[in-house]
Amino acid sequence: MTISLSQNLIRSSLPIAQGAEAASHLDFPPIKVYKAHLTPQSPPILLKYRFQKDYRHPFLNANLTRSRIAGEARAILKCLRSGVHVPGIRMVDATDGVLGIEWIEGQSLRRLLPGGAEDDGSDKVDNVDSMDTDILKEYGVSVDELMKLIGIEIAKMHRVDVIHGDLTTSNMMLRRPESFTSSDPNVTTELVLIDFGLSYQSTLTEDKAVDLYVLERAFASTHPDSEPLFAKVLAGYAETTGGNWPAIKHRLDDVRLRGRKRSMVG
(Lines give C-alpha, C1' and ligand atoms only; values in the text may rest on other atoms or scores of the structure.)
Protein backbone atom coordinates (compact mmCIF):
# COMPACT_ATOMS: atom_id res chain seq x y z
CA MET A 1 0.00 0.00 0.00
CA THR A 2 1.36 3.41 -0.96
CA ILE A 3 1.94 5.81 1.94
CA SER A 4 1.25 9.47 1.20
CA LEU A 5 3.59 12.35 1.99
CA SER A 6 1.27 13.56 4.75
CA GLN A 7 1.18 10.13 6.38
CA ASN A 8 4.97 9.98 6.27
CA LEU A 9 5.17 13.38 7.94
CA ILE A 10 2.81 12.29 10.72
CA ARG A 11 4.78 9.07 11.31
CA SER A 12 8.13 10.88 11.50
CA SER A 13 6.94 13.84 13.62
CA LEU A 14 6.78 14.25 17.38
CA PRO A 15 3.31 13.82 18.99
CA ILE A 16 2.67 16.65 21.45
CA ALA A 17 -1.08 16.62 22.14
CA GLN A 18 -4.28 14.75 21.33
CA GLY A 19 -7.93 15.71 21.59
CA ALA A 20 -11.18 13.97 20.75
CA GLU A 21 -11.07 14.91 17.07
CA ALA A 22 -7.42 15.51 16.21
CA ALA A 23 -3.82 14.99 17.26
CA SER A 24 -1.05 17.60 17.13
CA HIS A 25 2.47 16.75 16.00
CA LEU A 26 5.62 18.86 15.82
CA ASP A 27 7.62 18.44 12.65
CA PHE A 28 11.02 19.78 11.63
CA PRO A 29 10.44 19.87 7.86
CA PRO A 30 12.80 17.91 5.61
CA ILE A 31 14.42 20.22 3.10
CA LYS A 32 14.23 17.55 0.37
CA VAL A 33 10.41 17.70 0.56
CA TYR A 34 9.93 21.45 0.90
CA LYS A 35 13.07 22.68 -0.87
CA ALA A 36 11.07 25.22 -2.90
CA HIS A 37 9.81 26.97 0.22
CA LEU A 38 12.10 26.25 3.17
CA THR A 39 15.70 26.67 4.19
CA PRO A 40 17.73 24.82 6.83
CA GLN A 41 16.76 27.62 9.24
CA SER A 42 13.04 27.15 8.66
CA PRO A 43 11.01 26.92 11.89
CA PRO A 44 9.16 23.75 12.86
CA ILE A 45 5.62 23.11 11.66
CA LEU A 46 2.64 22.10 13.76
CA LEU A 47 0.81 19.25 12.05
CA LYS A 48 -2.85 18.87 12.99
CA TYR A 49 -4.02 15.39 12.09
CA ARG A 50 -7.72 14.52 12.05
CA PHE A 51 -7.59 10.79 12.60
CA GLN A 52 -10.29 8.38 11.47
CA LYS A 53 -13.01 7.26 13.86
CA ASP A 54 -13.55 3.48 13.78
CA TYR A 55 -17.24 3.81 14.62
CA ARG A 56 -17.92 5.91 11.50
CA HIS A 57 -18.54 4.57 8.03
CA PRO A 58 -15.36 5.12 5.92
CA PHE A 59 -17.28 7.22 3.39
CA LEU A 60 -18.62 9.50 6.16
CA ASN A 61 -15.16 9.66 7.73
CA ALA A 62 -13.60 10.80 4.46
CA ASN A 63 -16.25 13.44 3.78
CA LEU A 64 -16.14 14.89 7.31
CA THR A 65 -12.35 14.97 7.31
CA ARG A 66 -12.16 16.79 3.97
CA SER A 67 -14.82 19.34 4.86
CA ARG A 68 -13.43 20.11 8.31
CA ILE A 69 -9.81 20.47 7.22
CA ALA A 70 -10.84 22.62 4.24
CA GLY A 71 -13.14 24.74 6.42
CA GLU A 72 -10.45 25.34 9.02
CA ALA A 73 -7.93 26.30 6.35
CA ARG A 74 -10.41 28.72 4.72
CA ALA A 75 -11.16 30.41 8.04
CA ILE A 76 -7.45 30.86 8.82
CA LEU A 77 -6.73 32.21 5.33
CA LYS A 78 -9.61 34.69 5.56
CA CYS A 79 -8.28 35.90 8.91
CA LEU A 80 -4.74 36.20 7.57
CA ARG A 81 -5.90 38.30 4.60
CA SER A 82 -7.87 40.56 6.95
CA GLY A 83 -5.02 41.26 9.35
CA VAL A 84 -6.14 38.98 12.19
CA HIS A 85 -3.19 37.45 14.01
CA VAL A 86 -3.44 33.71 13.33
CA PRO A 87 -0.83 31.06 12.44
CA GLY A 88 0.30 30.92 8.84
CA ILE A 89 -0.67 27.87 6.77
CA ARG A 90 2.19 25.68 5.57
CA MET A 91 0.35 22.75 3.97
CA VAL A 92 -3.17 21.37 3.51
CA ASP A 93 -4.00 17.74 2.77
CA ALA A 94 -7.76 17.45 3.09
CA THR A 95 -7.80 13.85 1.87
CA ASP A 96 -5.53 12.55 4.64
CA GLY A 97 -6.84 15.06 7.18
CA VAL A 98 -3.57 16.92 7.77
CA LEU A 99 -3.22 20.67 8.23
CA GLY A 100 0.29 22.09 8.62
CA ILE A 101 0.46 25.48 10.32
CA GLU A 102 3.11 27.83 11.63
CA TRP A 103 4.61 26.94 15.01
CA ILE A 104 4.04 29.84 17.42
CA GLU A 105 6.96 30.54 19.75
CA GLY A 106 5.30 31.79 22.89
CA GLN A 107 2.95 30.93 25.71
CA SER A 108 -0.70 29.99 26.01
CA LEU A 109 -2.80 32.66 27.72
CA ARG A 110 -4.25 30.00 29.97
CA ARG A 111 -0.83 29.62 31.60
CA LEU A 112 -0.24 33.36 31.82
CA LEU A 113 -3.51 34.35 33.51
CA PRO A 114 -4.56 33.74 37.14
CA GLY A 115 -5.53 30.15 37.93
CA GLY A 116 -5.03 28.84 34.41
CA ALA A 117 -1.88 26.85 35.15
CA GLU A 118 -3.54 24.88 37.97
CA ASP A 119 -4.62 21.91 35.89
CA ASP A 120 -1.18 21.29 34.40
CA GLY A 121 0.61 21.17 37.73
CA SER A 122 2.10 24.66 37.69
CA ASP A 123 1.91 26.99 40.66
CA LYS A 124 -1.58 28.40 41.04
CA VAL A 125 -2.26 32.12 41.06
CA ASP A 126 -5.38 32.80 43.07
CA ASN A 127 -6.40 36.25 41.87
CA VAL A 128 -5.44 39.17 39.71
CA ASP A 129 -3.93 41.19 42.56
CA SER A 130 -1.53 38.41 43.52
CA MET A 131 -0.57 37.65 39.95
CA ASP A 132 3.16 37.65 39.22
CA THR A 133 3.54 40.02 36.27
CA ASP A 134 7.22 39.20 35.66
CA ILE A 135 6.32 36.75 32.89
CA LEU A 136 4.16 39.32 31.14
CA LYS A 137 6.97 41.85 31.41
CA GLU A 138 9.06 39.52 29.26
CA TYR A 139 6.45 40.06 26.56
CA GLY A 140 6.29 43.82 27.11
CA VAL A 141 2.60 43.87 28.02
CA SER A 142 0.48 44.48 31.11
CA VAL A 143 -2.59 42.48 32.11
CA ASP A 144 -4.90 45.32 31.03
CA GLU A 145 -3.16 45.64 27.66
CA LEU A 146 -3.37 41.89 27.16
CA MET A 147 -7.12 41.88 27.78
CA LYS A 148 -7.55 44.68 25.27
CA LEU A 149 -5.52 42.73 22.69
CA ILE A 150 -7.89 39.77 23.11
CA GLY A 151 -10.90 41.98 22.42
CA ILE A 152 -9.23 43.60 19.41
CA GLU A 153 -8.31 40.30 17.72
CA ILE A 154 -11.77 38.80 18.25
CA ALA A 155 -13.39 41.96 16.88
CA LYS A 156 -11.16 41.86 13.78
CA MET A 157 -12.14 38.23 13.27
CA HIS A 158 -15.87 38.93 13.67
CA ARG A 159 -15.60 41.91 11.35
CA VAL A 160 -14.90 39.47 8.48
CA ASP A 161 -17.72 37.16 9.67
CA VAL A 162 -15.51 34.35 10.98
CA ILE A 163 -16.88 32.68 14.11
CA HIS A 164 -14.22 30.81 16.08
CA GLY A 165 -16.57 28.41 17.85
CA ASP A 166 -14.18 27.53 20.68
CA LEU A 167 -12.83 30.73 22.19
CA THR A 168 -10.88 29.90 25.35
CA THR A 169 -7.61 31.19 26.78
CA SER A 170 -6.09 27.83 25.75
CA ASN A 171 -6.72 28.82 22.13
CA MET A 172 -4.81 32.09 22.36
CA MET A 173 -1.04 32.45 22.26
CA LEU A 174 1.19 35.35 23.20
CA ARG A 175 4.03 35.31 20.71
CA ARG A 176 7.52 35.92 22.07
CA PRO A 177 8.76 39.41 21.05
CA GLU A 178 11.97 38.09 19.49
CA SER A 179 10.04 35.69 17.21
CA PHE A 180 8.14 38.25 15.10
CA THR A 181 8.67 41.54 13.33
CA SER A 182 6.17 44.35 12.90
CA SER A 183 6.05 47.26 10.49
CA ASP A 184 4.86 49.39 13.43
CA PRO A 185 7.74 50.07 15.86
CA ASN A 186 5.22 50.67 18.65
CA VAL A 187 3.90 47.09 18.38
CA THR A 188 5.99 44.84 20.64
CA THR A 189 3.41 42.15 21.45
CA GLU A 190 1.34 39.88 19.25
CA LEU A 191 -1.67 37.90 20.42
CA VAL A 192 -2.40 34.94 18.13
CA LEU A 193 -5.74 33.11 17.88
CA ILE A 194 -5.30 29.38 17.26
CA ASP A 195 -7.34 26.18 16.71
CA PHE A 196 -10.06 27.01 14.20
CA GLY A 197 -11.34 23.43 14.09
CA LEU A 198 -14.88 24.47 15.07
CA SER A 199 -14.94 27.74 13.14
CA TYR A 200 -17.51 28.73 10.54
CA GLN A 201 -18.68 31.74 8.52
CA SER A 202 -21.66 33.77 9.72
CA THR A 203 -22.97 37.32 9.45
CA LEU A 204 -25.42 36.81 12.33
CA THR A 205 -25.10 39.03 15.39
CA GLU A 206 -26.34 36.08 17.47
CA ASP A 207 -23.37 33.91 16.46
CA LYS A 208 -20.87 36.64 17.34
CA ALA A 209 -22.56 37.15 20.71
CA VAL A 210 -22.45 33.41 21.42
CA ASP A 211 -18.73 33.39 20.51
CA LEU A 212 -18.15 36.06 23.17
CA TYR A 213 -20.33 34.22 25.68
CA VAL A 214 -18.30 31.03 25.21
CA LEU A 215 -15.16 33.00 26.06
CA GLU A 216 -16.84 34.62 29.06
CA ARG A 217 -17.81 31.19 30.43
CA ALA A 218 -14.27 29.95 29.79
CA PHE A 219 -12.88 32.87 31.80
CA ALA A 220 -15.31 32.18 34.65
CA SER A 221 -14.51 28.46 34.82
CA THR A 222 -10.74 28.67 34.35
CA HIS A 223 -9.64 31.97 35.89
CA PRO A 224 -10.93 32.92 39.38
CA ASP A 225 -12.43 36.39 39.91
CA SER A 226 -12.11 37.12 36.20
CA GLU A 227 -15.03 39.55 35.79
CA PRO A 228 -12.73 42.63 35.70
CA LEU A 229 -10.52 40.90 33.14
CA PHE A 230 -13.38 40.04 30.79
CA ALA A 231 -14.80 43.56 31.11
CA LYS A 232 -11.52 44.83 29.62
CA VAL A 233 -11.78 42.25 26.83
CA LEU A 234 -15.20 43.63 25.93
CA ALA A 235 -13.87 47.19 26.08
CA GLY A 236 -11.24 46.35 23.47
CA TYR A 237 -13.84 44.53 21.38
CA ALA A 238 -16.28 47.45 21.53
CA GLU A 239 -13.61 49.97 20.57
CA THR A 240 -12.63 47.96 17.50
CA THR A 241 -16.16 46.95 16.49
CA GLY A 242 -17.47 50.52 16.59
CA GLY A 243 -21.06 51.05 15.49
CA ASN A 244 -21.87 47.33 15.46
CA TRP A 245 -21.17 46.95 19.17
CA PRO A 246 -24.58 48.05 20.59
CA ALA A 247 -26.41 45.33 18.63
CA ILE A 248 -23.87 42.67 19.62
CA LYS A 249 -23.94 43.79 23.26
CA HIS A 250 -27.74 43.61 23.31
CA ARG A 251 -27.65 40.11 21.89
CA LEU A 252 -24.86 39.10 24.33
CA ASP A 253 -27.10 40.18 27.22
CA ASP A 254 -29.88 37.99 25.78
CA VAL A 255 -27.51 35.02 25.48
CA ARG A 256 -26.36 35.50 29.07
CA LEU A 257 -29.98 35.52 30.26
CA ARG A 258 -30.72 32.30 28.38
CA GLY A 259 -27.58 30.74 29.85
CA ARG A 260 -28.61 31.65 33.40
CA LYS A 261 -32.09 30.23 32.86
CA ARG A 262 -30.61 26.94 31.65
CA SER A 263 -28.35 26.81 34.72
CA MET A 264 -31.35 27.32 37.02
CA VAL A 265 -33.42 24.64 35.29
CA GLY A 266 -30.51 22.20 35.20
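Just so it is clear, the structure is predicted and the values come from calculations on it, not from any experiment.
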To the nearest 0.5 Å, atom NE2 of His57 lies from atom CG of Leu64 at 12.5 Å

- Are Leu204 and Leu198 in one and the same hydrophobic cluster, where Ile, Leu, Val, Met, Phe, Trp and Tyr link if side-chain heavy atoms are under 4.5 Å apart? no

Exercise for review: Answer yes or no: is there a side-chain heavy-atom contact under 4.5 Å between Leu146 and Leu113?
Suggested key: yes

Quiz prompt | Common cluster, Ile248/Ile163, ILVMFWY with side-chain heavy-atom separation under 4.5 Å | solution = no

Notebook entry, point to check: Checking Thr189 side chain against Tyr139 main chain: does a donor-acceptor pair fall under 3.5 Å?
Noted result: yes

_When you compare the side chain of Thr65 with that of Arg56, does any pair of heavy atoms fall below 4.5 Å?_
no

Given 3.5 Å as the limit, does a donor-acceptor pair link the side chain of Ser142 with the main chain of Glu145, or not? yes

For this session: Answer yes or no: is there a side-chain heavy-atom contact under 4.5 Å between Thr168 and Arg110?
Result: no

Report all side-chain donor-acceptor pairs from residues 151-158 shorter than 3.5 Å, counting only partners two or more places apart or in another chain.
residue, atom, partner, partner atom, Å
Glu153, OE1, His85, N, 2.9
Glu153, OE1, Lys156, NZ, 3.4
Glu153, OE2, His85, ND1, 3.2
Glu153, OE2, Lys156, NZ, 3.0
Lys156, NZ, Gly83, O, 2.8
His158, ND1, Tyr237, OH, 2.8
His158, NE2, Asp211, OD2, 2.9

Going hydrophobic residue to hydrophobic residue with side-chain gaps under 4.5 angstrom, can you get from Val214 over to Val162?
-> yes

Are Tyr49 and Asp96 close enough, and set up right, to give a side chain to side chain contact (heavy atoms under 4.5 Å, CB included), and what steps lead you there? CA-CA 8 Å; Tyr49 172 51; Asp96 281 332; 5.6 Å; no

Exercise. Should Lys232 and Lys148 count as side-chain neighbours, where that means a heavy-atom distance under 4.5 Å?
Worked result: no

Taken to the nearest 0.5 Å, the spacing of Arg50 CZ from Asn61 CG works out to 11.0 Å

key: Basic-acidic side-chain contact under 4.0 Å: Asp253, Lys249   = yes

According to a 4.5 Å side-chain heavy-atom criterion applied to Ile, Leu, Val, Met, Phe, Trp and Tyr, with indirect links allowed, do Val255 and Phe219 form part of one hydrophobic cluster?
yes

### Query
In terms of side-chain geometry, is the basic nitrogen of Asp195 or Lys48 positioned less than 4.0 Å from the acidic oxygen of its partner?
yes

| Heavy-atom check, side chain of Leu234 versus side chain of Leu252, under 4.5 Å | yes

Check whether His164 reaches the backbone of Ile194 with its side chain - one donor and one acceptor, N or O, closer than 3.5 Å. yes

Do Ile69 and Ile89 land in one hydrophobic cluster if side-chain heavy atoms of ILVMFWY residues count as linked below 4.5 Å?
yes

Output for pair (Leu229 CG, Ile150 CD1), nearest 0.5 Å, gives 8.5 Å

Residues at least two apart in sequence or cross-chain that pass side chain to side chain donor-acceptor pair (under 3.5 Å) with Arg251, listed by chain then number, are Glu206

Quick one: are Arg159 and Thr241 in side-chain contact, heavy atoms under 4.5 Å? no

Here the gap from Lys53 atom NZ to Tyr55 atom OH, rounded to the nearest 0.5 Å, amounts to 3.5 Å

